[in-house]
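Below is one structure, written out as structure tokens; comments come after it.
Letters go in sequence order (proteins before strands), and every chain restarts at 1.
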Amino acid sequence: MERPLLARPLSSASFPVRDYNLAATLTSGQAFRWRAVNGTWEGVLQNRWVRLHQAAPHSPDAPHASIIEATTDAPPHDWRWLTDYLRLDDDHAAALATFPDDKPMRTALAHCRGLRLLRQNPWECLASFILSSTKQIVQIQQCVELLCERFGEPIRSGAPAERRQISDHRSAALCRDAATPNFAFPTAARLASASEIELRECKIGFRAKYLLAAARMVASAELDLAKVQSLPLDAARAELMRCPGVGRKIADCTLLFSCGFDAAFPIDVWVERALQQLYFAKRRAKRARLEHFAATHFGPHAGLAQQYLFHYLRVAGKKELKR
DNA sequence: CACCAGGCGACTC
DNA sequence: GAGTCGCATGGT
């Protein structure tokens, strides 16, 4: 018999931001649990439900200034769990200033200045990206949600009554298929105790054995994700790549999106295509050459630069970069 | 109904 | 050691 999870009083806070495009950031393929609900974003961080809303910037004096409003049922004193995740304390302008001043970067930046990196939980990030191979972002979201529903701890969700009051057409459209997440991401220990068959029931196919192996390594402390964060980049990457099913791309995603390695530069097929076309148009460059170029050309915030390139060609450059 | 999707690893030659 | 191929599943 399950105990009902009663909603606690909600608490809210407002955070002033500059050059922070919340929607672009939450949908940029870094994290997979955010859902658009009535013009807001709902997600789960650790064991907390949270709703975010970004007010449109209207001041002509500060066109890139805005407010992010957060609502949750956690005690209202300490918001570090959220500000750390959103990396609100980053000096974003300083990071952008380290980008190389070349045409591809200028174009990508002109397209969107507010794309940010998140600081996710390393286990959730690693597990999510193990699921990501040969899947599209929507499918990854579905698989992650299935895993959470089946293996995650139930958590309190926001006030549903409040949500139902809003019913204009645009909100209804945004609400489409937007199931509110009610479960925490499953722990490594919980997944380690599952069978490969059970995991496969979450539609993850051949990735099930990889996820299971990674869960066992993390749960048994054979792989210490906290320690990974303190290693040099190359050693940290090698450590993650000990997991079967974790190659360089998935390792770099985990390092960049959750372990604080801002210089990690994941190269997937799209970024490879972009680098090839934008920086090596004449000669054909091999993968190792591109990796070396990425590690030396984009500077200490290469990973953020990669996000800008990826975002730019995902939303605008698909036609220009088709093979 | 083919074809492919933010890869990886095993298998060729 | 550098290219090719199978792997599950769902969406165009």
Table of protein N/O atoms under 3.5 Å from nucleotides 8-12 of chain C N/O atoms:
{"unit_1": "dA8(C)", "atom_1": "OP1", "unit_2": "Arg200(A)", "atom_2": "NH1", "d": "3.4"}
{"unit_1": "dA8(C)", "atom_1": "OP1", "unit_2": "Arg200(A)", "atom_2": "NH2", "d": "2.8"}
{"unit_1": "dA8(C)", "atom_1": "O4'", "unit_2": "Phe206(A)", "atom_2": "N", "d": "3.4"}
{"unit_1": "dA8(C)", "atom_1": "N1", "unit_2": "Arg207(A)", "atom_2": "NH2", "d": "3.4"}
{"unit_1": "dG10(C)", "atom_1": "OP1", "unit_2": "Lys203(A)", "atom_2": "NZ", "d": "3.2"}
{"unit_1": "dG10(C)", "atom_1": "O4'", "unit_2": "Gln139(A)", "atom_2": "NE2", "d": "3.1"}

Between [X] and [Y], does any side-chain N to carboxylate O distance fall below 4.0 Å?
X: Glu239(A); Y: Lys227(A); value: no
X: Glu145(A); Y: Arg35(A); value: yes
X: Arg106(A); Y: Asp101(A); value: yes

Applying a 4.0 Å non-hydrogen cut-off, can you work out what [X] is touching in the nucleic acid: base, sugar-phosphate, or nothing?
X: Phe310(A); value: base
X: Glu201(A); value: nothing
X: Ser128(A); value: nothing
X: Gly245(A); value: sugar-phosphate
X: Pro244(A); value: sugar-phosphate
X: Ile267(A); value: nothing

Review point. Any side-chain heavy atom of Val271(A) sitting closer than 4.5 Å to one from Leu309(A)?
Key: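 They are not in side-chain contact.
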Exercise for review: Please examine the side chains of Asn121(A) and Ser258(A), heavy atoms only from C-beta on, and report whether any two atoms are closer than 4.5 Å.
Suggested key: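 Side chain of Ser258(A) against side chain of Asn121(A), heavy atoms only: no contact under 4.5 Å found.
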Let me know the distance between [atom1] of [X] and [atom2] of [N], rounded to the nearest Å.
X: Gln306(A); N: dG6(B); atom1: CD; atom2: C1'; value: 9 Å
X: Glu272(A); N: dA5(B); atom1: CD; atom2: P; value: 13 Å
X: Lys249(A); N: dG7(B); atom1: NZ; atom2: P; value: 6 Å
X: Leu211(A); N: dC7(C); atom1: CG; atom2: C1'; value: 16 Å
X: Arg287(A); N: dT4(C); atom1: CZ; atom2: P; value: 15 Å
X: Tyr210(A); N: dC7(C); atom1: OH; atom2: P; value: 12 Å
X: Asp252(A); N: dG7(B); atom1: CG; atom2: C1'; value: 13 Å
X: Arg237(A); N: dC8(B); atom1: CZ; atom2: P; value: 12 Å

Review point. Rounded to the nearest 0.5 Å, what separation is found between the SG atom of Cys259(A) and the CG atom of Leu225(A)?
Key: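 Going from SG on Cys259(A) over to CG on Leu225(A), the span is 6.5 Å.
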Review point. Do Gln120(A) side-chain atoms and Gln30(A) backbone N/O form a donor-acceptor pair below 3.5 Å?
Key: yes
Point to revise | Closest-nucleotide 5' rank along DNA chain B - winner of Val246(A) and Gly29(A) | key: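 On the 5' side of the pair lies Gly29(A).
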Review point. How far, in whole Å, is dA8(C) from dC1(B) if one measures between their P atoms?
Key: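 Looking at atom P only, dC1(B) and dA8(C) are 22 Å apart.
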**Study point:** Rounded P spacing from dA2(C) to dG6(B) in Å
**Key:** 27 Å
Exercise for review: Report the relative orientation of the aromatic rings in His297(A) and Tyr279(A); use parallel for angles under 30°, tilted for 30 to 60°, perpendicular for over 60°.
Suggested key: perpendicular
Practice item. Could you label the plane-to-plane angle of the Phe206(A) and Tyr210(A) rings as parallel, tilted or perpendicular, counting under 30° as parallel and over 60° as perpendicular? Key: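 Geometry flag for Tyr210(A) against Phe206(A): perpendicular rings.
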Listed pairs, N/O of protein and of nucleotides 11-13 of chain B, under 3.5 Å:
none

Practice item. List the atom of Arg314(A), the atom of Thr27(A), and the distance in Å for their closest heavy-atom pair. Key: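 Heavy-atom minimum between the residues: NH2-O, 2.6 Å.
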